[in-house]
Amino acid sequence: MTLPRRAEAPAALALPETEAKREFAFSDADFRKLAELAYRHTGISLSASKRDLVYNRLSRRLRALELTTFREYHEYLEGPQGHQETERFINSVSTNHTRFFRESHHFVHFRTHVAARFAHTNHGSGGGRLRIWSAGCSTGEEPYTIAMVLKKEIAAVARHNVRILATDIDTEVLAKSQRGEYAASSLQEIPPEYRDFFAAKPRASGGEAVVVDDALRSLITFRQLNLIEPQWPMKGPFDAVFCRNVMIYFDNPTKKDLVERLTKLVRSGGWLYIGHSESLIGTHPGLELVGRTIYRREP
Ligand SMILES: C[S@@+](CC[C@H](N)C(=O)[O-])C[C@H]1O[C@@H](n2cnc3c(N)ncnc32)[C@H](O)[C@@H]1O
């Protein structure tokens, strides 16, 4: 069968559709420069397949700064005013997709091995210490999920020394985490027995949002932290660390280094949860794989 021919410009003359429609000049060299800056500031490794994504996410920055080419943008970033813009650049290149109870098998494990065990050990007494870290917490669904499980499992959790540290490099998502306000449709991600931790809140713009209970919020400390910084301010040890769907954006040396540093902050016998597509490469001294993407720090 012969297919009808479409009237087209000869291939050699036609620009790729995306290039033809582009508002800002964006060369391969510009992409390479921005990818290098992203890597230097965040550890995020942007392959050539992310070119369009970078263009789309940064275009609004060019408009805001009234620049007309990406070359001007990276020159601006490296110039005297670049420091302030770097934060916005980082916020734009980070990918923040998340949801409540994401990879729910982690929370089944966490409920049994961390929350219920703590409740059992500290039954009838106050003051038990428990430390959890959500590293790369994005808009907060992960630390609030951890808080829901702890609150449900541990009676009078406030009588104990229970804290969740939630960190991210991206200041915009951290601000959203702290607000604890989500689209009402997010409740669908949450098992019914946990939905009481949210209250409906009408939105000024119409529609309805939900806000998290203060009892959850008060368990969490939100902080900006770049995981590739050579020094972290906290000393640990943590009973469990969630670092999920963060390393997926890092190259192998960055990933290996991060896992080693995280491992040192997990207490002996504690847990490290990583994302489903981030299985650790090679062996990591001190870590034992005990379940799907669940590691135990060897005693
Ligand atoms: C895809 S989200 C994962 C959120 C959550 N952990 C989950 O699994 O649903 C990845 C988060 O890692 C953060 N991130 C990327 N590079 C980082 C770095 N160098 N230091 C700290 N956070 C980083 C991003 O800002 C983003 O919010």
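The analysis underlying the following values was restricted to heavy atoms, covering all of them including side chains, and did not include hydrogens, waters or symmetry mates. Counting starts at 1 for both ligands and their atoms, following the listed order.
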Within the 3.5 Å criterion, strictly below it, is a donor on N91 or T171 matched to an acceptor on the partner's side chain? yes

Are the side chain of D257 and the backbone N or O of P253 linked by a donor-acceptor pair below 3.5 Å? no

For a quick test of your reading: what N or O donor-acceptor pairs under 3.5 Å do the side chains of residues 139-147 make, sequence neighbours left out?
{"unit_1": "T139", "atom_1": "OG1", "unit_2": "E141", "atom_2": "OE1", "d": "2.7"}
{"unit_1": "T139", "atom_1": "OG1", "unit_2": "E141", "atom_2": "OE2", "d": "3.4"}
{"unit_1": "E142", "atom_1": "OE1", "unit_2": "R244", "atom_2": "NE", "d": "2.8"}
{"unit_1": "E142", "atom_1": "OE1", "unit_2": "R244", "atom_2": "NH2", "d": "3.2"}
{"unit_1": "E142", "atom_1": "OE2", "unit_2": "S134", "atom_2": "OG", "d": "2.7"}
{"unit_1": "Y144", "atom_1": "OH", "unit_2": "S177", "atom_2": "O", "d": "2.7"}
{"unit_1": "T145", "atom_1": "OG1", "unit_2": "F101", "atom_2": "N", "d": "3.2"}
{"unit_1": "T145", "atom_1": "OG1", "unit_2": "E141", "atom_2": "O", "d": "2.6"}

Sequence-distant partners of E229, side chain to side chain contact (heavy atoms under 4.5 Å, CB included), two or more places apart: L225, N226

Applying side-chain hydrogen bond (donor to acceptor under 3.5 Å, both in side chains), name anything that partners E75, two or more places apart in sequence or on another chain. R71

For ligand 1, what N or O to protein N or O distances fall under 3.5 Å?
{"unit_1": "ligand 1", "atom_1": "6 (N)", "unit_2": "G136", "atom_2": "O", "d": "2.8"}
{"unit_1": "ligand 1", "atom_1": "6 (N)", "unit_2": "E142", "atom_2": "OE1", "d": "3.0"}
{"unit_1": "ligand 1", "atom_1": "6 (N)", "unit_2": "R244", "atom_2": "O", "d": "2.9"}
{"unit_1": "ligand 1", "atom_1": "8 (O)", "unit_2": "R102", "atom_2": "NH1", "d": "3.3"}
{"unit_1": "ligand 1", "atom_1": "8 (O)", "unit_2": "R244", "atom_2": "O", "d": "3.0"}
{"unit_1": "ligand 1", "atom_1": "8 (O)", "unit_2": "N245", "atom_2": "ND2", "d": "2.8"}
{"unit_1": "ligand 1", "atom_1": "9 (O)", "unit_2": "T98", "atom_2": "OG1", "d": "2.6"}
{"unit_1": "ligand 1", "atom_1": "9 (O)", "unit_2": "R102", "atom_2": "NH1", "d": "2.8"}
{"unit_1": "ligand 1", "atom_1": "19 (N)", "unit_2": "T42", "atom_2": "O", "d": "2.8"}
{"unit_1": "ligand 1", "atom_1": "19 (N)", "unit_2": "N226", "atom_2": "OD1", "d": "2.9"}
{"unit_1": "ligand 1", "atom_1": "20 (N)", "unit_2": "L227", "atom_2": "N", "d": "2.8"}
{"unit_1": "ligand 1", "atom_1": "22 (N)", "unit_2": "I169", "atom_2": "N", "d": "3.3"}
{"unit_1": "ligand 1", "atom_1": "25 (O)", "unit_2": "N96", "atom_2": "ND2", "d": "3.4"}
{"unit_1": "ligand 1", "atom_1": "25 (O)", "unit_2": "D168", "atom_2": "OD1", "d": "2.6"}
{"unit_1": "ligand 1", "atom_1": "27 (O)", "unit_2": "N96", "atom_2": "ND2", "d": "3.0"}
{"unit_1": "ligand 1", "atom_1": "27 (O)", "unit_2": "D168", "atom_2": "OD1", "d": "3.4"}
{"unit_1": "ligand 1", "atom_1": "27 (O)", "unit_2": "D168", "atom_2": "OD2", "d": "2.7"}

No-hydrogen, no-angle side-chain donor-acceptor test under 3.5 Å, T263 and H284: no

